[in-house]
Amino acid sequence: MEYLQMTSNQIEQEHICCALGAKQYEQAVKEKKNWLMDRINDGLVFYRLNERAKVFIEYLPAHQAWAPIEAPNYMYINCLWVSGKYKNQHHARRLLEKCIEDAQAQGMDGIVHIVGKKKLPFLSDKRFFEHLGFKIIDHAAPYFELAVYKFNDEAVEPSFKFHTSDLKSQSDGIIIYYTAQCPFAVGVINDLRDATVKKGIPFHAYQLTTKEEAQNAPIIWTTFGLFYNGQFVTHEIMSVNKFEKFLNTL
């Protein structure tokens, strides 16, 4: 099977894997495409299977990453996703090999990626990365870990920008920080707002629209972060039904 490294023009015309077949996310996919096209100017690579499938990797120089990390001269994997019938066909390994080749060609010291302490929705399974030689070298509450693959043993150790026992936000009620990195995050915001307002709970949503905002946000995985009364709840982009069940526990 062939892979495709997409240019800005191709991203505009081709599918980008996310939310395939989900018509309710069409506008959110457009926002994701715009985000990708802007990030290509920052060195982002979007590399996918040349099929109508959710098989792709996104990566860019870590100093351009929309994440609160310190990783000078590293490549940052924004997303690696292989789903459905394409699992267990070595696609993830091949996508990762492309990232490694590009990082080495650019003289970088290694690769970094945010994973979960355990298997969690929307976060990569750290066991796959550990199997391929990545090491967990930093942790952030409550379950985020920084996986690193070094080419240069003398290189600076990457780290999260902040370490707290509990991520916090300043507002009461439901607070969500999100970016256009994932169409599911953009697409579900209005429905989550409606569900919260029906319960009479204050709702605040803040879209991070610049690299600087994302790198200094009070969340580790900047695609989506949900707080309640200032306390971090989850990074998971919940369905409306699951979110409503959560609201019923408050």
Side-chain angles (χ1 to χ4, degrees), residues 2-20 25-50 53-81 94-114 122 124 146-149 151 155-156 158 160-161 177-187 189 205-217 219-225 237:
E2 295 182 353
Y3 297 89
L4 175 67
Q5 181 171 330
M6 299 180 70
T7 65
S8 294
N9 290 337
Q10 286 171 318
I11 286 175
E12 190 171 4
Q13 302 298 325
E14 297 265 358
H15 80 79
I16 55 168
C17 303
C18 302
L20 275 173
Y25 291 111
E26 285 183 358
Q27 182 57 42
V29 168
K30 289 180 181 178
E31 288 197 41
K32 164 73 174 185
K33 285 187 173 186
N34 289 335
W35 185 88
L36 282 173
M37 287 188 283
D38 288 340
R39 300 290 74 72
I40 285 177
N41 295 329
D42 297 333
L44 181 139
V45 170
F46 187 95
Y47 189 67
R48 70 163 173 84
L49 186 66
N50 196 15
K54 296 175 182 177
V55 181
F56 70 98
I57 187 171
E58 295 173 23
Y59 55 88
L60 75 169
H63 70 277
Q64 299 283 12
W66 285 39
I69 60 172
E70 296 282 1
N73 204 38
Y74 283 78
M75 191 73 82
Y76 173 77
I77 297 175
N78 186 53
C79 188
L80 173 61
W81 191 5
R94 292 182 190 125
L95 294 171
L96 183 57
E97 286 172 352
K98 165 66 173 173
C99 178
I100 291 172
E101 289 172 3
D102 281 359
Q104 289 177 329
Q106 294 178 41
M108 293 186 171
D109 291 321
I111 298 170
V112 293
H113 184 44
I114 296 173
F122 295 98
S124 295
L146 192 62
V148 177
Y149 184 90
F151 312 142
V156 173
F160 290 116
K161 279 192 171 182
Y177 294 88
Y178 70 103
T179 72
Q181 295 176 77
C182 178
F184 296 106
V186 175
I189 287 295
Y206 305 103
Q207 183 170 5
L208 307 173
T209 59
T210 68
K211 174 186 66 179
E212 290 73 22
E213 286 180 344
Q215 290 181 350
N216 294 286
I219 53 177
I220 295 297
W221 195 69
T222 58
T223 301
F224 187 91
I237 305 170

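Since the model is a prediction, treat every value here as computed from it, not as a measurement.
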Can you find a pair of side-chain heavy atoms, one from [X] and one from [Y], that are under 4.5 Å apart?
X	Y	value
C18	F56	yes
Y3	L95	yes
K33	I16	yes
T222	P68	yes
L146	I114	yes
C79	Q181	no
E58	R39	no
L208	Y177	yes

Between F224 and Y178, is the gap from one ring center to the other below 6.0 Å?
-> no
Exam field: side chain [X] to backbone [Y], donor-acceptor pair closer than 3.5 Å:
X	Y	value
N73	G107	yes
E12	N9	no
Y74	V156	yes
E31	G187	no
K32	A180	no

Looking only at heavy atoms, which two atoms of [X] and [Y] are closest? And how far apart?
X	Y	answer
Y76	A65	CD2-CB, 3.4 Å
M75	C99	CG-SG, 3.9 Å
N78	H113	O-CE1, 4.3 Å
A53	C17	O-SG, 3.2 Å
W81	F184	CH2-CE1, 4.2 Å
G43	P61	O-CD, 3.7 Å

Any residue meeting salt bridge (charged side-chain N to carboxylate O under 4.0 Å, His left out) with K30, in chain and number order, not counting sequence neighbours = none
Electrostatic pair E14-R48, nearest N-O below 4.0 angstrom = yes
Look up atom [atom1] in [X] and atom [atom2] in [Y], then write down how far apart they are to the nearest 0.5 Å.
X	Y	atom1	atom2	result
N216	K211	CG	NZ	11.0 Å
W66	T209	CH2	OG1	6.0 Å
I189	Q207	CD1	CD	8.5 Å
K98	R94	NZ	CZ	15.0 Å

Carefully, step by step, assess Y59 and D102 under the rule side chain to side chain donor-acceptor pair (under 3.5 Å).
-> CA-CA 10 Å; Y59 55 88; D102 281 359; 2.5 Å; yes
Could you walk me through whether I111 and F151 pass the side-chain contact (heavy atoms from CB on, under 4.5 Å) check?
-> CA-CA 8 Å; I111 298 170; F151 312 142; 4.0 Å; yes
Evaluate the side-chain contact (heavy atoms from CB on, under 4.5 Å) criterion for residues I220 and F160: first the C-alpha distance (whole Å), next the side-chain angles of each, then the deciding distance (0.1 Å), finally the verdict.
-> CA-CA 8 Å; I220 295 297; F160 290 116; 3.5 Å; yes
Report the C-alpha distance between Q64 and L44 in whole Å, list the side-chain angles of each, state the deciding distance to 0.1 Å, and finish with yes or no for side-chain contact (heavy atoms from CB on, under 4.5 Å).
-> CA-CA 9 Å; Q64 299 283 12; L44 181 139; over 6 Å; no
